[in-house]
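Taking it in order: structure first as structure tokens, then the write-up.
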Amino acid sequence: VASRGLGDVYKRQDLILYGVKVLPSFFRRIVMYKYDANYWNNAKLIFTEMKLYADFENSPWADDSERAQFQFSDVRADDGMPMFVADFKATADSEVKLSFTALGCIDIYINGKRVGNDELKPGWTNYNKRVLYYEYDISAYITDGDNRILLVAAPGWYQGRISGGYYGVHMPAVMACITVKNGDGKTVLVTDESWKATCGGQIRSADIWDGEYRDGQLDSFEDISLIGYDTSDWKQAQICDYFDGEITPFVGPTVRVRDGLGFGAEKMTVYKDVKDNGTKFGEIDVISEPESLPLKLSAGQKLVVDLTQEIVGWVKLQLKGEKGTAVKVRYAEFLNDSGDIERGNDGPKGSVYTVNLRSAKGKSHYILSGDGEETYRPTFTFFGFRYVEISADGDIELTGFKAEVVGSDTKETGFMETSDELVNKLISNVIWGQRSNYLFIPTDCPQRDERQGWTGDAQVFARTATYFSPWVGQFY
């Protein structure tokens, strides 16, 4: 068995199942282990202190009377994400391999570039028992001479509100091993106390349920990962001693932005004021219904975008505006249909309805750098939505909009179509439901303050899921 836990490929003998002969197939044996010092070259899980977004002892979202007030408040800006840097030498023709894992989520930058296109790595596991690791070939990111790697951690499922404190209250931690092979032999860089660490960066806070706060005025992770960026005031990384689980290789499709499934701004409505319609909240007073971008939005105005399809992921925006302008994005499944509180509406007719998210805020905030056209999309969170509301405290210009579908990148092979449009819509809803609820694990819902891996839901849906995509067998 290989040291990283993957066994050889074995041929299975013919089986008789319910009187039917099952053809020979192949399977891969997974070996669980706690820590392979040879494979990891004695790498350590490291952490640095951060202000955790979730306060499980004083949770203002737990009480029904405070839940709505919490849900309608903004995502607060904290001190940033834990960041870890180290420099190493290599040649441009070196063969360089990176293995990494995390308690929480992790993003990686080398020499000014984000590494890979996987999202929310390394995925959700029972952190009391095990974590998953990824293995990348990073040779294409390497330059001659000095190189720098930056690891950015986030609470994710480990210490975000979604965890409910189940894994204890600890700092997110990361572990990595870089192996450089060239004509002169092999050198190794591993995470340990020699790495520098601090808490900061553009992402000031991030939570799976609530969303993200990002300040574009601060140095980007790309810039921080460049040789020459000043880290002289960073502290020494600390060794994590609160994980005693297994470390196993990631198996199955990774989570990515799924190509070909995104949406543009299909239908847009701009409003600012509310007019009376005889209900508690009234209805929006529509200013315009633009048909295309670019679009100028004045301070206080709100743009509601209808994708015409509910998805899971986030929106990627191209924006222009003055430095320091605060842009807010709210995500919703529905619009208020009347403004009548007796019907459960939480705002004027035509505005986004979010009370069904319960305590989940479902927002993202971005502070403009003022440096021409800038692009923003969240990193350490995701949303379930059909409608998006965009507003700002200053005048902005929206030059680009793309709703990106994020989920486990399963290959879809099954499809059916009938002569009945209602049946076809039902089939489409089933497929989109699968796309939306297969994000590392099968979940019960992708939008509110739940998003848990209830096995009952997954069991009932298993046969349908494997029809549309046999690759989802990895989830079971």
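Residue numbers start at 1 and run along the sequence shown.
Contact detail for Gly168 and Gln159: the closest heavy-atom pair is O-NE2, 2.9 Å. Residues Gly201 and Phe221 share a closest heavy-atom pair of CA-CE2, 3.8 Å.
Each salt bridge (charged side-chain N to carboxylate O under 4.0 Å, His left out) pair with one or both residues in residues 434-444, not counting sequence neighbours, appears once here: Glu412-Arg435. For residues 111-128, the set of pairs meeting the salt bridge (charged side-chain N to carboxylate O under 4.0 Å, His left out) definition, not counting sequence neighbours, comprises Asp107-Arg114, Asp107-Lys121, Arg114-Glu119, Asp118-Arg256, Glu119-Arg377. Applying the salt bridge (charged side-chain N to carboxylate O under 4.0 Å, His left out) test to every pair with at least one member in residues 189-200, sequence neighbours left out, gives no pairs at all.
The side-chain heavy atoms of Val85 and Tyr229, taken from C-beta on, include no pair separated by under 4.5 Å. Contact annotation: the side chain of Pro378 approaches that of Tyr331 to within less than 4.5 Å [non-hydrogen atoms, C-beta and beyond]. The closest side-chain heavy-atom distance from Trp314 to Glu212 is not below 4.5 Å. The side-chain heavy atoms of Ile227 and Asp87, taken from C-beta on, include a pair separated by under 4.5 Å. In this structure, the side chains of Phe47 and Glu49 come closer than 4.5 Å at one or more pairs of heavy atoms. Leu439 places none of its side-chain heavy atoms less than 4.5 Å from the side chain of Pro446. For the pair Ile390 and Phe401, the minimum side-chain heavy-atom distance is below 4.5 Å. Side-chain contact between Phe100 and Thr191 is absent, with no heavy atoms from C-beta onward closer than 4.5 Å.
A distance of 10.5 Å separates OG in Ser163 from NE2 in His170, rounded to the nearest 0.5 Å. Residue Ile138 holds its CD1 atom at 3.5 Å from CD1 of Ile110, rounded to the nearest 0.5 Å.
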Given the rule in the side chain to side chain contact (heavy atoms under 4.5 Å, CB included) test, do Thr325 and Asp393 qualify, once you have shown the distances and angles that lead to the verdict? CA-CA 6 Å; Thr325 301; Asp393 63 0; 3.5 Å; yes
What do the steps show when you test Ile162 against Trp124 for side chain to side chain contact (heavy atoms under 4.5 Å, CB included), and what is the final call? CA-CA 11 Å; Ile162 193 171; Trp124 191 6; 4.1 Å; yes
Using the side chain to side chain contact (heavy atoms under 4.5 Å, CB included) rule, take Trp157 and Leu120 through it: C-alpha gap first, then chi angles, then the decisive distance, then the call. CA-CA 10 Å; Trp157 291 274; Leu120 299 164; 4.0 Å; yes
Verdict with reasoning, Gln202 to Tyr376, per side chain to side chain donor-acceptor pair (under 3.5 Å): CA-CA 11 Å; Gln202 288 189 350; Tyr376 168 69; over 6 Å; no
For the pair Thr308 and Glu266, evaluate side chain to side chain donor-acceptor pair (under 3.5 Å) and give the outcome as yes or no after the intermediate values. CA-CA 7 Å; Thr308 71; Glu266 305 298 325; 5.1 Å; no
Between Asp207 and Val75, does a side chain to side chain contact (heavy atoms under 4.5 Å, CB included) hold up when you go through it step by step? CA-CA 9 Å; Asp207 185 76; Val75 178; over 6 Å; no
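For Glu450, the salt bridge (charged side-chain N to carboxylate O under 4.0 Å, His left out) partners at least two apart in sequence or on another chain are Arg358, Arg448. Taking Lys51 as the reference, Asp78 meet the salt bridge (charged side-chain N to carboxylate O under 4.0 Å, His left out) condition, with sequence neighbours excluded. Residues meeting the side chain to side chain donor-acceptor pair (under 3.5 Å) test with Thr354, sequence neighbours left out: Gln71, Arg330. Residues satisfying the side-chain contact (heavy atoms from CB on, under 4.5 Å) test with Gln318, not counting sequence neighbours, are Lys316, Glu373, Thr375, Thr399. Among residues two or more places apart in sequence or in another chain, the side chain to side chain donor-acceptor pair (under 3.5 Å) test is passed with Thr143 by Asn147. Here Lys89 pairs with Asp146 under the salt bridge (charged side-chain N to carboxylate O under 4.0 Å, His left out) rule; sequence neighbours left out. A search for salt bridge (charged side-chain N to carboxylate O under 4.0 Å, His left out) contacts involving Asp409 returns Arg258, not counting sequence neighbours. Take Tyr242 and apply the side chain to side chain donor-acceptor pair (under 3.5 Å) test, not counting sequence neighbours, and it matches no residue. Residues that satisfy the side chain to side chain donor-acceptor pair (under 3.5 Å) test with Asp74, not counting sequence neighbours, are Lys328.
By the 6.0 Å and 45° rule, Arg76 stacks over the aromatic ring of Tyr53.
Looking only at atom types and distance, the side chain of Lys361 has a donor-acceptor partner in the side chain of Ser73 under 3.5 Å away. Between the side chains of Tyr39 and Ser99, at least one donor-acceptor pair of N or O atoms lies under 3.5 Å.
Judged by distance alone, with hydrogens and angles left aside, the side-chain atoms of Asp219 form no donor-acceptor pair with the main-chain N or O of Ile224 at under 3.5 Å. A side-chain donor-acceptor contact under 3.5 Å links Thr101 to the backbone of Leu132. A distance-only check finds a donor-acceptor pair linking the side chain of Thr381 to the backbone of Ile208 [under 3.5 Å]. Distance alone, capped at 3.5 Å, is enough to place a donor-acceptor pair between the Ser139 side chain and the Val96 backbone. In this structure, the side chain of Gln434 does not engage the main chain of Val430 through any donor-acceptor pair within 3.5 Å.
Aromatic pair Trp432/Phe263: centroids less than 6.0 angstrom apart.
Shown here is Asp371, whose CG atom has no more than 12 heavy atoms of other residues, nucleotides or ligands within 6.0 Å.
The residue from Tyr158, Tyr166, Phe243 that alone fulfils the ring pair (Phe, Tyr, Trp, His ring centres under 6.0 Å) condition with Tyr127 is Tyr158.
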